[in-house]
Amino acid sequence: MTSTATSTAINVGLMGLGVVGTGVAATLLRENSPISDVAGRPVNLKKVLVRDLSRSRDIDLPSGFLTADPEDILSDPDIHIVVEVMGGTDPAKGYLKRALSAGKHVVTANKEVMAKSGPELLALARENGVNLLFEASVGGGIPIVGCLMNELAANEIRSIRSIINGTTNYILTRMANQGTNFQVALSEAQGLGYAEADPTNDIEGIDAGYKLTILASLAYRRRFKPEDVYLEGISKLEPQDFRYARELGYAIKSLAISSLDNGAVQLRVHPVMVPNEHMLAKVDGVYNAVEVDGSLCGQVLFHGMGAGREPTTSAVVGDVIEAARKMGGHPAGPHQGAAQNETSISVRPMGNLQTRYYIRLDVADRPGVLAQIAKALGDGQISIAEVLQKDTQPETESAELVITTHPAKEASVQMALEVIAGLPEVRRVSNTLRIEE
Ligand code: NAP
Ligand code: HSE
């Protein structure tokens, strides 16, 4: 593929040349690439926007391609498709609006913008008769966005249970299997190009929350907001939690879950104990997995690389091809993911969740302590399934108690934990995890 445009050629302006942008540029510039054949017309990379022109790059671009001026893309009538892989909301959202308003098709990997402003941008795309495609915003190389829009569209989606942050899953896997310290595992994930510019978004569940907002909006044809998602990160997990989980027959995973019940959907991202034999427990490293339970298809599991240069490039360039095909008069592809008539599905509060719990407490090793804790749980109608006393330390008269419960209501468990934390013999409520069966 050369950069010489023909009368029917499609020209691409790329915004961002970092982990993902470099992969996209290399793929679009590759000699003998099948992209133009599949797209039905030549697809040429024309301009690449970066912030810092002086920075050394992993790729040699033809001269004149690189620019630090967004107008070289946004105001060029010969650029037909804008690919945004800069990240963040500002200035990315403004550039996307400019591109759509100028009649350019847009491909983005930006889950933050799509989660916060997807409906507004999709409406703008519709008004201007162009496509806004965002397959890479969820699940890296896994084609889940297109599947929810098309192949699974006939289903009522009963639930989505997913591992959709590669950085978090990489860290949890390293901590569980090698006992690696949290910070070391995070630095490794950053070095491999998996983490967001601010890794807080990864480890506090914010990135997965954005992705769940996008998936749920597609699945339930309703505009969910990132604030609709209950979030808990992985930073409270300690080595003991992985040890005890293993003893109890579970793996610890951070799951992004949406579940539909009686016309209301609950959206949550938090660490979960998953039975070892469940397929999600076996998803390790940077791999992502999305389990969709649909009324017609039953349970379907998507599994693949959820972050990194090549998998994300696969999704971005796939969208470029789709946009080029549509411009070439090929049959229409997926709908735009912005249902015109929204459903009336509401958001179910987290306090209504009914599930099993794992509770780890640091307590004084004295007679009667367990009875007080059991009373607090009993008063909240929380039934104990198992109690293990671990790591007794005679010198400090302290012991670690691990309690698992039968299914209980989240609000009752949180109230009981407040009571337990206030007992003089309880030194610390060290951690609480929900158990997914
Ligand atoms: P990155 O490595 O940080 O690269 C960002 C690129 O955008 C850099 O080239 C940067 O320019 C450019 N840029 C940032 N702000 C700019 C501005 N104001 N003006 C001009 N250029 C600007 O990011 P990334 O990891 O490739 O991620 C890009 C997007 O893809 C994000 O939305 C991310 O969430 C999403 N994504 C990433 C992955 C992944 O595995 N990394 C996977 C799926 C989705 P300089 O090079 O000059 O600094
Ligand atoms: N930081 C994200 C992750 C990149 O770790 O999954 C892919 O969206």
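Counting starts at 1 for both ligands and their atoms, following the listed order.
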**Message:** Against ligand 2, does Gly306 come closer than 4.0 Å with any heavy atom?
**Reply:** yes
In ligand 2, which numbered atoms sit nearer than 4.0 Å to a non-hydrogen atom of [X]?
{"X": "Asp202", "result": "1 (N), 2 (C), 3 (C), 5 (O)"}
{"X": "Glu196", "result": "1 (N), 2 (C), 4 (C)"}
{"X": "Lys211", "result": "2 (C), 3 (C), 6 (O), 7 (C), 8 (O)"}
{"X": "Tyr194", "result": "1 (N), 2 (C), 3 (C), 4 (C), 5 (O)"}
{"X": "Gly166", "result": "3 (C), 5 (O), 6 (O)"}

Starting from [atom], locate the nearest protein heavy atom and write down its residue, its atom name and how far away it is, to 0.1 Å.
{"atom": "atom 28 (C) of ligand 1", "value": "Val85 O, 3.3 Å"}
{"atom": "atom 8 (O) of ligand 2", "value": "Lys111 NZ, 2.5 Å"}
{"atom": "atom 33 (C) of ligand 1", "value": "Glu196 OE1, 3.6 Å"}
{"atom": "atom 12 (C) of ligand 1", "value": "Gly16 CA, 3.9 Å"}
{"atom": "atom 48 (O) of ligand 1", "value": "Arg55 NH1, 2.6 Å"}
{"atom": "atom 2 (O) of ligand 1", "value": "Val19 N, 3.0 Å"}
{"atom": "atom 14 (C) of ligand 1", "value": "Arg51 CZ, 3.6 Å"}
{"atom": "atom 35 (C) of ligand 1", "value": "Ala109 O, 3.4 Å"}
{"atom": "atom 36 (N) of ligand 1", "value": "Lys111 NZ, 3.8 Å"}

**Prompt:** Pick one: which of Arg360, Lys236, Met273 meets side-chain contact (heavy atoms from CB on, under 4.5 Å) with Leu433?
**Reply:**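 When Arg360, Lys236, Met273 are each tested with Leu433, the side-chain contact (heavy atoms from CB on, under 4.5 Å) holds only for Met273.
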Heavy-atom closest contact ([X] atom, [Y] atom, distance):
{"X": "Leu132", "Y": "Ala125", "answer": "CB-CB, 4.0 Å"}
{"X": "Ser258", "Y": "Val265", "answer": "CB-CG2, 4.2 Å"}
{"X": "Gly139", "Y": "Asn288", "answer": "CA-OD1, 3.6 Å"}
{"X": "Val19", "Y": "Gly308", "answer": "CG1-C, 4.4 Å"}

**Asked** Between the candidates Met114, Met86, Met15, which shows the shortest non-hydrogen contact distance to atom 16 (C) of ligand 1?
**Response**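 Nearest heavy atom to atom 16 (C) of ligand 1 lies in Met86.
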Which atoms from ligand 1 have a heavy atom of [X] less than 4.0 Å away?
{"X": "Leu17", "result": "6 (C), 8 (C), 9 (O)"}
{"X": "Thr312", "result": "38 (C), 40 (O), 42 (C), 43 (C), 44 (C)"}
{"X": "Ala307", "result": "40 (O)"}
{"X": "Leu49", "result": "20 (C)"}
{"X": "Ala136", "result": "43 (C), 44 (C)"}
{"X": "Asn110", "result": "32 (O)"}
{"X": "Asp52", "result": "47 (O)"}
{"X": "Gly87", "result": "31 (C), 32 (O)"}

**Audit row: Leu122, Met114, side chain to side chain contact (heavy atoms under 4.5 Å, CB included) steps and yes/no** = CA-CA 9 Å; Leu122 286 160; Met114 288 311 296; 4.3 Å; yes
Identify whether the distance between the nearest side-chain nitrogen and carboxylate oxygen of [X] and [Y] falls below 4.0 Å.
{"X": "Lys47", "Y": "Asp76", "result": "no"}
{"X": "Asp362", "Y": "Arg427", "result": "no"}
{"X": "Glu247", "Y": "Arg243", "result": "no"}
{"X": "Asp284", "Y": "Lys253", "result": "yes"}

Verify the distance criterion only: is there a donor paired with an acceptor across the side chains of [X] and [Y] at less than 3.5 Å?
{"X": "Glu410", "Y": "Tyr357", "value": "yes"}
{"X": "Thr200", "Y": "Asp198", "value": "yes"}
{"X": "Ser235", "Y": "Glu204", "value": "yes"}

Report yes if [X] has an N/O atom closer than 3.5 Å to an N/O atom of ligand 1; otherwise report no.
{"X": "Pro91", "result": "no"}
{"X": "Val20", "result": "yes"}
{"X": "Gly18", "result": "yes"}
{"X": "Gly193", "result": "yes"}
{"X": "Ala195", "result": "no"}
{"X": "Tyr194", "result": "no"}

**Message:** Between Lys111 and Ile214, is there a side-chain heavy-atom distance shorter than 4.5 Å?
**Reply:** yes
**Asked** Does any non-hydrogen side-chain atom of Val82 lie less than 4.5 Å from one of Met15?
**Response** yes
**Request:** From the options Thr405, Asp241, Asn431, select the one residue that forms a side-chain hydrogen bond (donor to acceptor under 3.5 Å, both in side chains) with Tyr358.
**Result:**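 When side-chain hydrogen bond (donor to acceptor under 3.5 Å, both in side chains) is applied between Tyr358 and each of Thr405, Asp241, Asn431, only Asp241 qualifies.
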**Asked** What distance do Arg223 atom CZ and Asp228 atom CG have between them, rounded to the nearest 0.5 Å?
**Response**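 Here the interatomic distance stands at 13.5 Å.
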**Euclidean distance, Leu212 CG relative to Ser217 OG, rounded to 0.5 Å** =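 Spacing of OG (Ser217) from CG (Leu212) equals 9.0 Å.
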**Message:** For ligand 2, which is the ligand I care about here, please tell me if Ser137 has any N or O atom under 3.5 Å from one of the ligand's N or O atoms.
**Reply:** no
**Sidechain-backbone polar pair: Asp78 side chain, Asn11 backbone, donor-acceptor under 3.5 Å** =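 No, the answer is negative, given that no donor and acceptor are paired below the 3.5 Å cut-off.
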**Prompt:** Using 30° and 60° as the class limits, which term best fits the ring planes of His303 and Tyr287: parallel, tilted or perpendicular?
**Reply:**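 Plane angle under 30°, so parallel.
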Less than 4.0 Å is my threshold; does some heavy atom of [X] fall inside it relative to ligand 1?
{"X": "Ala197", "value": "no"}
{"X": "Arg57", "value": "yes"}
{"X": "Gly308", "value": "yes"}

**Request:** Heavy-atom distances under 4.0 Å are what count here, so tell me which part of Thr167 touches ligand 2: side chain, backbone, both or neither.
**Result:**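 Near ligand 2, Thr167 shows its backbone as well as its side chain.
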**Prompt:** For ligand 2, is any non-hydrogen atom under 4.0 Å from Ala195's backbone (N, CA, C, O), its side chain (CB onward), both, or neither?
**Reply:** backbone
**Message:** Around atom CE of Met350, are there more than 12 heavy atoms from other residues, nucleotides or ligands closer than 6.0 Å?
**Reply:**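 Count over threshold, so yes.
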**Message:** I'd like to check atom 40 (O) of ligand 1 in this structure: does the protein have a heavy atom lying under 4.0 Å from it?
**Reply:** yes
**Request:** Determine, counting only non-hydrogen atoms of the protein, whether one lies under 4.0 angstrom from atom 7 (O) of ligand 1.
**Result:** yes
